[in-house]
Amino acid sequence: MKLATWNVNSIRQREGHVRRWLEQVQPDILVLQEIKCETAAFPALGFQALGYRAEAVGQKAYNGVAVLSRVPFEVTHRALPGLPEDDAQARYIELAADGVTVIGIYLPNGNSGGDAGYAYKLSWMDLLRRRAAALLDVDAPLAILGDFNVCPTDADLAPGALPPTDALVRPETRAKFRAMLWLGLTDAVRALQPTGPAWTFWDYQAAAWPRDQGLRIDHALLSPTLAERLTAASPDRRERGEDQPSDHVPVVVELA
DNA sequence: ATGACTTACTGCGTAAGA
């Protein structure tokens, strides 16, 4: 089983990139973030032609997540359980496919909106941990993939790429990410590549890509039985060198 | 010294991303 995650920074700008990538890499399931369109505007037909069924959770202008799958699946949640009913931010999709629970997330960045914006990020992380704990309690094979907007350690950002006050690296952010690992989840990329850069994002500004000043913020977390099946996990750096790329690249995980 | 990013919106600049 091949699972992947990709923050595409607008699916309407990147439909062609995603289609080409699907044909090259042939993942079973790809979760997308920052589709930046309303649910009905998601270009599902273009992916259906390649054998992928699409389900999107969108909103106007910002955020938005989706799943593309060539294996049968059922969407089980379209919002993070525990969030207030009136929370309209499209950041979560959960599905069941081939006996596996797959969660796609676009975790709040936390740098906008002042103290309230950062508090929202932290509370979102608390609720995600609770959801993961509930699924692990019933022994569900679980994969959480997406844009976590967290550099887990200092090895996960190029030196100086962010100030220490940035919401992606602040101690409270990292503590809540670690709390998810302590549930028994495995960071798939770090399980196979414990040290060294494995960037998944390069800013459009300041020549970040040519200077290779990246961040590792897109992750795949696996429950124990899935982690035991892990054979490969890495970012696909090639995508950042394409014309008009997203600022994020896909992360691909393979399970035996 | 200069210009130095990309997207969406109803905008003709602003907000957000990270």
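In what follows, chains carry the letters A, B, and so on, assigned in the order in which the sequence lines appear, proteins first and then strands, with residues in each chain numbered from 1.
- Under the 4.0 Å criterion applied to side-chain N and carboxylate O atoms, A/Arg174 and A/Asp154 are assigned as salt-bridge partners.
- The nearest whole Å value for the distance from the CZ atom in A/Arg170 to the P atom in B/dA18 is 17 Å.
- In this entry the distance linking CG of A/Leu215 with C1' of B/dA18 reads 7 Å, nearest Å.
- Within the structure, every pair that satisfies the salt bridge (charged side-chain N to carboxylate O under 4.0 Å, His left out) test and touches residues 59-72 of chain A, not counting sequence neighbours, is listed here: A/Asp28-A/Arg70.
- The separation between A/Arg174 atom CZ and B/dA18 atom P is 17 Å, rounded to whole Å.
- Sorted by first then second residue, the ring pair (Phe, Tyr, Trp, His ring centres under 6.0 Å) pairs that include residues 30-75 of chain A, not counting sequence neighbours, are A/Phe42-A/Phe47.
- Listed by first and then second residue, the ring pair (Phe, Tyr, Trp, His ring centres under 6.0 Å) pairs that reach into residues 77-107 of chain A come to none, sequence neighbours excluded.
- Both A/Ile217 and A/Lys60 sit near DNA chain B, but only A/Lys60 has its closest nucleotide nearer the 5' end.
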Between the protein and nucleotides 11-17 of chain B, which nitrogen or oxygen pairs come in under 3.5 angstrom?
unit_1: B/dG17; atom_1: OP2; unit_2: A/Ser112; atom_2: OG; d: 2.6

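- Going from the C1' atom of B/dT10 to that of B/dT14 covers 12 Å, rounded to whole Å.
- Put simply, NE2 on A/His17 is 12 Å from P on B/dT6, counting in whole angstrom units.
- The ring pair (Phe, Tyr, Trp, His ring centres under 6.0 Å) analysis of residues 206-250 of chain A, with sequence neighbours excluded, yields the pairs A/Phe148-A/His219, A/Phe177-A/His219, A/Phe201-A/His248, A/Trp202-A/Trp209.
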Could you pull out every donor-acceptor pair under 3.5 Å between side chains of residues 162-169 of chain A and any protein atom, sequence neighbours left out?
unit_1: A/Asp166; atom_1: OD1; unit_2: A/Asn111; atom_2: ND2; d: 3.1
unit_1: A/Asp166; atom_1: OD1; unit_2: A/Leu168; atom_2: N; d: 2.8
unit_1: A/Asp166; atom_1: OD2; unit_2: A/Asn111; atom_2: ND2; d: 3.3

